[in-house]
Amino acid sequence: MKRNRLKITMESRIHGDVYVRFGGERLETYRPKGRQGALRLACGTGKTLIMCVAAYEMHRLGLARKPMIIGIKANIHEIARTFRTAYPNARLLYPGKEDFTPENRLRIFSDIKNNNWDCIILTHEQFGKIPQSAEVQQQILRQEMDDIDENLASYEKQGGHVDGWILRGLEKRKENLDAKLHELQETIDAQKDDTVDFQQMGIDHLFVDESHNFKNLMFNTRHSRVSGLGNTDGSKKAMNLLYAIRTIQQRTGRDLGATFLSGTTIANSLTELYLLFKYLRPKELERQDIPCFDAWAAVFAQKTSEFEFSVTNEVISKERFRYFIKVPELAMFYNEITDYRTAADVGIDRPELDEELCQIPMTDDQQAFLDKLVLFAKTGDPEHIGRADLSDGEVKALMLLVTMYSNKLSLDMRLISPAYADSPGNKASRSAANIAEYYRRYEDQKGTQMVFCDLSTYKPGIWNVYSEIKRKLVEDHGIPAQEIRFVQEAASDKVRQAMFDAMNEGKIRVLFGSTQKLGTGVNAQKRIVCMHHLDIPWRPMDLEQRNGRGARKGNIVAKEYAGNKVKAYVYAVLRTLDAYKLNLLHNKQQFIDQLKRNRLGARRLDEGAISEDSGMNFAEWMAVVSGNTDLLQKAKLEGRIAALESEQTIFMRTRHEAQSQLQRYTAEIGRRDAMLERLKRDWDYINEVAPPDAKGKRANPLRIDGVESADIVAHGKRLVEIDRTVNTGDDYQKIGTLFDFRILVRTERMQKDGLALTVNKFMVEGLDGIKYTFNNGHLAAEPKTAATNFIRALDTIPSLMATYEKEKKQFTRDIPTFEQQIAAVWPKEEELKRLKAEAESLTRKIQLDIAQKQQEMQAKTADNGNGLKIENAEVVDEVVKPSKAEPLSTASESQEEPPEEREHVVSPPESDFIRNHILLVRPATNMKAKGPKI
């Protein structure tokens, strides 16, 4: 069979026990020990070919009878073409758009069911039209209702009390699920016999390309007010996929049947990690006693209240899952089901991304409107922003409305009102200048550029940023209009593909589009030299997907004429919503990137404090916006030092715990040996005085005090009477003998249904005082059976001996590990010393800079004859926020403060000198005017 030439070497495991390995001119598949999970490959690393090969080879090897691939509409043609190129003779079903019209749908469903296809390829939308089994849906929805009860039980187990809005929210959710169950039952009752659903089609493996599109899966939680958890209601699209995967998993009885392929398996929030497990590892979650999200969060996350930038660039308190605990276990759990490969891991020769933040000062119009927006956010009075009365929906979603205005303010004021004028310093003007520069620089090579913007996309006849930048490029920079296109102009997939082909040929030099239409599944990279991000997306995955369009294998112009680099401009207006988005992306990217790379050595991860090289440079962008790179470097050093000190503490604690555990385990082994010796003495004695007969029965010479008869039933009756009448008051009381063993009874107290009760426990005491019981010491009501209680208790000695032997082996097995931990030496001592020295040197440099600026400001104030005052200002420690007017560093005053104000100034400790001089100035209504003192 003919293969494509593949100039990369790679190995990837596929969910379903198949590995794919290819390199040079060879492509092979093989089957190692069972693995399962999601395939996570960076953009442009060959996941389309891997998916096609895995599907066909699983069918050929008999591991899947009828595999199905589902992908986004933008690149489904590429998937089909890749499959057909690799396997030209394969029986491939690839329905067109017209095949899924209502009148043709039943025919396609029957074709899928009744034919032996090597593979079926559908778009996500086509897959969503396949009916799912109503019975499977019922089962899953009932499980969701059970999850609500599990959430409540988990909360109460931790000592919480469920009432108020938590209880009302969960009860409302149960009502909605119950309504859905009634609808499903009606569907089942009305179902016709000729209906073909997914369960009947025989699909036994799903390859889900760009699986992050299904991340909005429904889940239940009591943490509904915690920031960053996403939409708990989920989407119909995601639930439809869950129904299909559960159908396959129920058929196999294993956590198999689906492979997720994506460059961004975790796109945005903590919940996506749990939902990935919910899709692919339900049985493993059940085995680990993690039946619901709240149980999962209780194990791996810690909720805190933190200060973050609000949408109006003020500081507010938000509740979110900042700390992740048991981090190595979480990373191992994730990597059990994930095969993560970056371009560097694979060895693909693709351009390096050269990112640059283009920071734009706020215009006077933007500043004036931002001040009004702050008042609107605080008061809800629409007059502050020139609006009429708000609708009921807008009142309920006030902050959503503020966010919308903040987004528009950052991008272009004309999106708020056409009355605002153009500005030479806005994003449109700055980006047009950069686009023109790269257009001229690579004119001979016909270098191309992509411009991304999600907010103001192209619409004919309506003012938008796309058209405005095109106007500037044509009128101000002389670029031909026909070389500038908008991806929204493509009315069909055929026209869209022709547009990308024209870009690869250099006929289209500048292409505008949104993340959804241009940022995913687009192969137009042959000549890309620069990309422009006019707005900052909310999710790290969106920026990664955008950048993946240019920093991609096959970029000929970048490789041969641009030093194998692709420029990426990110445009941010200072002191607008852009700062909030950068902060958000910074927090999320830290956890996501480290988790994927399995570089989480510490047991506790702080999303807001750790600064690592994630490849996205969010930390650097934040520093540029705040205007102090020295403080950023110091923060990064302190973060690394804190991480190393944490590792050192954990190492020393582990060694100390190992010493304690070694002592404890040694003592436990001694106790087990002593117990085994005592048990063996009792067992040897029993076998000597009452050996079992041929049927395995022993003599039962039970003697209960006060019974003269040798009849065993008489002794049983006496035991039943003692059980009914005797109360020993928690003491052991001898009531008879068996061989040389004493028969004892003890009265214990217990609670049942709120009532205080007493119950008698009966036991036989061995030669060395071991007390043996049968049926937990409870007597049978029938006398003859009650009399056998003690001989049967003695027969449990072999099982007790086996238990102690097993425990002894477990303790003995772990002793070499403890000895190894005690002898270990921490390997990063020198690195920690070096980083501390660097941090001290940088601190001295910052102190000198501050002292120099202080002297300059004192001289300037002396010349002016008065000091700078900031009216109605509130000082908030440890948060960086640029001021509107004069730089904060000029706030140092040479004049003495009045006595009534000086008493409010608290000198920071020497160790925190720098940190406590990072100030935030914001409006305050209940404070006298005072200037921040440096």
Side-chain angles (χ1 to χ4, degrees), residues 351-363 366 410-415 422-458 464-481 483-487 503 506 508-515 518-519 524-525 527-537 542-543 546-551 555 557-558 561-574 576 578 581-582 616-617 620-621 624-625:
E352 179 186 346
L353 193 66
D354 180 15
E355 297 165 302
E356 180 178 332
L357 177 69
C358 184
Q359 54 177 338
I360 303 172
M362 185 177 285
T363 65
Q366 287 173 324
S410 301
L411 185 56
D412 199 293
M413 288 299 295
R414 286 169 288 183
L415 292 173
D422 189 13
S423 170
N426 62 17
K427 284 186 178 182
S429 300
R430 291 287 296 272
S431 61
N434 287 334
I435 293 169
E437 178 189 347
Y438 273 81
Y439 180 91
R440 303 299 178 198
R441 186 184 299 181
Y442 294 97
E443 191 163 10
D444 293 340
Q445 296 81 24
K446 293 187 177 181
T448 60
Q449 302 177 65
M450 285 186 175
V451 184
F452 294 97
C453 182
D454 293 334
L455 179 57
S456 177
T457 56
Y458 170 71
N464 59 86
V465 170
Y466 287 24
S467 300
E468 175 65 8
I469 296 176
K470 180 176 181 178
R471 182 190 66 79
K472 290 176 180 288
L473 291 173
V474 175
E475 297 179 3
D476 300 344
H477 299 283
I479 297 177
E483 294 184 3
I484 306 169
R485 297 293 301 274
F486 309 137
V487 74
M503 192 171 187
I508 296 176
R509 299 285 302 279
V510 182
L511 183 61
F512 289 76
S514 62
T515 304
L518 192 60
Q525 70 270 17
R527 298 175 184 272
I528 292 181
V529 293
C530 188
M531 293 174 291
H532 305 263
H533 304 284
L534 296 180
D535 56 0
I536 299 171
D542 291 335
L543 202 55
R546 288 178 177 185
N547 287 331
R549 297 315 102 204
N555 191 331
V557 172
Y561 301 98
N564 208 21
K565 290 184 177 181
V566 173
K567 191 74 174 180
Y569 284 107
V570 180
Y571 299 89
V573 176
L574 295 176
T576 65
D578 294 335
K581 287 187 175 180
L582 288 172
M616 297 299 290
N617 296 321
E620 286 80 357
W621 293 344
V624 173
V625 170

Under 3.5 Å donor-acceptor, N426 side chain and D412 backbone: no
Min side-chain heavy-atom separation R485-M503 under 4.5 Å: no
Aromatic plane relationship, Y438 with Y569 - under 30° parallel, 30 to 60° tilted, over 60° perpendicular: perpendicular
Plane angle bin for F486 and F512 - parallel if under 30°, tilted between 30 and 60°, otherwise perpendicular: perpendicular
Test item: R509 and K446 side chains (from C-beta on) under 4.5 Å apart, heavy atoms: yes
Sole residue of D454, D542, N547 in side-chain hydrogen bond (donor to acceptor under 3.5 Å, both in side chains) with H533: N547
Heavy-atom side-chain proximity of V529 to Q449 below 4.5 angstrom: yes
Flag side-chain contact, heavy atom, 4.5 Å: D354 against K567: yes
Heavy-atom check, side chain of S467 versus side chain of Y458, under 4.5 Å: yes
Rounded distance (nearest 0.5 Å) linking atom SG of C453 with atom CD1 of I469: 7.0 Å
P537 vs R546 side-chain heavy atoms within contact, under 4.5 Å: yes
Any donor-acceptor N/O pair, N555 side chain to G550 backbone, under 3.5 Å: yes
Sidechain-backbone polar pair: T448 side chain, R527 backbone, donor-acceptor under 3.5 Å: yes
Short side-chain to backbone donor-acceptor contact, R549 and G519, under 3.5 Å: yes
N434 and Y571: side chain donor to acceptor below 3.5 Å: yes
Just distance, no hydrogens or angles: give the donor-acceptor pairs under 3.5 Å from side chains in residues 472-481, sequence neighbours left out.
| from | atom 1 | to | atom 2 | distance (Å) |
| --- | --- | --- | --- | --- |
| K472 | NZ | D422 | OD2 | 2.6 |
| K472 | NZ | S429 | OG | 3.1 |
| E475 | OE1 | R471 | NH1 | 2.9 |

Worked verdict on S410 versus K427 for side chain to side chain contact (heavy atoms under 4.5 Å, CB included): CA-CA 8 Å; S410 301; K427 284 186 178 182; 4.3 Å; yes
pair L534-S431: side-chain heavy atoms closer than 4.5 Å: yes
Flag side-chain contact, heavy atom, 4.5 Å: M531 against L353: yes
